[in-house]
There are 2 protein chains.
Amino acid sequence: MHPHFSTKERILSAAEELFARHGFAGASLRQVTAAANVNLAAVNYHFGSKDNLINELFRRRLDELTARRLEMLEQAEAQPKPTLEAILEAFVLPALNLASDQLGGSAFMRVLARAYAEHDQTLRKFLSGNYGHVLKRFAQAIRPLLPELDKEALYWRLDFVSGALTYAMSDFGAVKRPPGRSEEDHRRQAAREFVRFAVAGLRAPE
Amino acid sequence: MHPHFSTKERILSAAEELFARHGFAGASLRQVTAAANVNLAAVNYHFGSKDNLINELFRRRLDELTARRLEMLEQAEAQPKPTLEAILEAFVLPALNLASDQLGGSAFMRVLARAYAEHDQTLRKFLSGNYGHVLKRFAQAIRPLLPELDKEALYWRLDFVSGALTYAMSDFGAVKRPPGRSEEDHRRQAAREFVRFAVAGLRAPE
DNA sequence: CGCCTGATCAAACGATCGTTTGAAGGATAG
DNA sequence: CTATCCTTCAAACGATCGTTTGATCAGGCG
């Protein structure tokens, strides 16, 4: 089908789409390998197990996503007067670009939202162990810009922000793309609306 | 185990907890019936199928939740000058009460977050068909209070609000209840923080 | 008592799950 | 050419899935 993509990548892309649609337990390796046009045994040959396939699926996207986020964050902090908007954009824009630019990026965002709902220890441990430092890093960056907010209130609001972002980026919501607008415009609109919303929410008077 | 609870209710409660933890496909009926201390066949006898058990699980909680929300909304609208805060509280407080007061309410909120991630048509159709009118009703109530906001922007922001609420109430977040504070105080604090955040976000200048 | 009805039970149904096996293919190096 | 290594393949493994079956139990009523 796609001879220029390797077996591993075909499996990862098919898994991304099917896990997004049916969940990790709900999509079987037989569905995945059938969609990827590879043999069933290829998953265990290349990835060892289904659990490890899931881990590699996240690693493929998150390594680059967190790198871009921290990169933009440092650029924002390097400015003489860093703004809350710039910091939030450093968090939102890389995710938006992943979701709209890259093939299957939208499916990955839905998979990511599923990961938040997983209380199984294996995946949670993997994600928080490898990527948990990013959220803390952003909290540190935001804190001096909201000195009047006590620590607990800030954490509350950051929780609200990440919840809203995850939800909004996963296409779960009611806002449908109008027929006349391109996918990219739709997502840029979403990012603009989201940053406005989040900045105002974080700045709410105590 | 709980002789004063019927078989149906024991199944519903056990399913709520296990579906919250492992997902709909990830938790088996054998796990559910074992946790509920009932026979495996009891699920198909009382509910017909696993899918219908899931539907009834939502119906048990959502009927009362939406009733309380609409009730509080009408009270807020009956005031001479309805405030955005009062309307949002009508949306938030019943959910928070469910999550903290009722046994298993917290698990139900996590199940609800999972439902948002389900793109399978069966559950989505059931939920939007039975409870989709509530969000529209709240949008109608909020709209005259934010006349400067165009319709699309309002829907965006309401999406963010429900996403933030869903994730915040599902214990996915970082905010844990401090040891010295009662559950009720924690919930009231969460509601206060959330309403402040949401009001400010909704009122963000265009 | 005998009869009926609804609930619960152990057991089994076929289907599907993740994983493993051993053989076959296909390219490269000596 | 043969030998080697990586990959792919069909087939099967035991386990577990949702669902169904038919027997058994308990209680109300004539």
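Labels below follow one simple rule: chain letters A, B, ... track the order of the sequence lines, proteins then strands, and each chain is numbered from 1. As the structure is a prediction and not an experimental result, all values here were calculated from the model.
- Taking a cutoff of 4.0 Å between a charged side-chain nitrogen and a carboxylate oxygen, B:E17 and B:R110 qualify as a salt bridge.
- One finds a salt bridge joining A:R203 and A:E85 here, because a Lys/Arg side-chain nitrogen approaches an Asp/Glu carboxylate oxygen to under 4.0 Å.
- For the pair B:F19 CZ and D:dC17 P, the interatomic distance rounds to 12 Å; values are reported in whole Å.
- Salt bridge absent: B:R61 and B:E56 never bring a charged side-chain N and a carboxylate O closer than 4.0 Å.
- Look at B:T7 and you'll find a side-chain N or O under 4.0 angstrom from OP1 or OP2 of C:dT8.
- Remark: P of D:dA12 and CG of A:L29 are 20 Å apart, rounded to the nearest angstrom.
- The NZ-P distance, from B:K8 to C:dA7, rounds to 9 Å in whole Å.
- What separates CG of A:L40 from P of C:dG18 is a distance of 9 Å, to the nearest Å.
- With respect to the salt-bridge test (charged N to carboxylate O, under 4.0 angstrom), the residues B:R60 and B:E16 qualify.
- Sorted by first and then second residue, the ring-ring contact (aromatic ring centres under 6.0 Å, His included) pairs involving residues 42-70 of chain A (not counting sequence neighbours) are A:F58-A:F108.
- Atom CZ of A:R30 is separated from atom P of D:dC9 by 15 Å (rounded to the nearest Å).
- Residues from residues 41-52 of chain B placing a heavy atom under 4.0 Å of any atom in DNA chain D, listed by number, are B:A41, B:N44, B:S49, B:K50.
- Between A:S28 and C:dT16 there is no side-chain N or O to OP1 or OP2 distance below 4.0 Å.
- As a whole-Å value, the separation of A:N39 CG from D:dT8 P is 9 Å.
- Here C:dA15 presents its P atom at 17 Å from CD of A:Q31, a figure rounded to the nearest Å.
- To the nearest angstrom, P of C:dG18 lies 13 Å from CZ of A:F24.
- No donor-acceptor contact under 3.5 angstrom links the side chains of B:Q140 and B:R143, judged on distance only.
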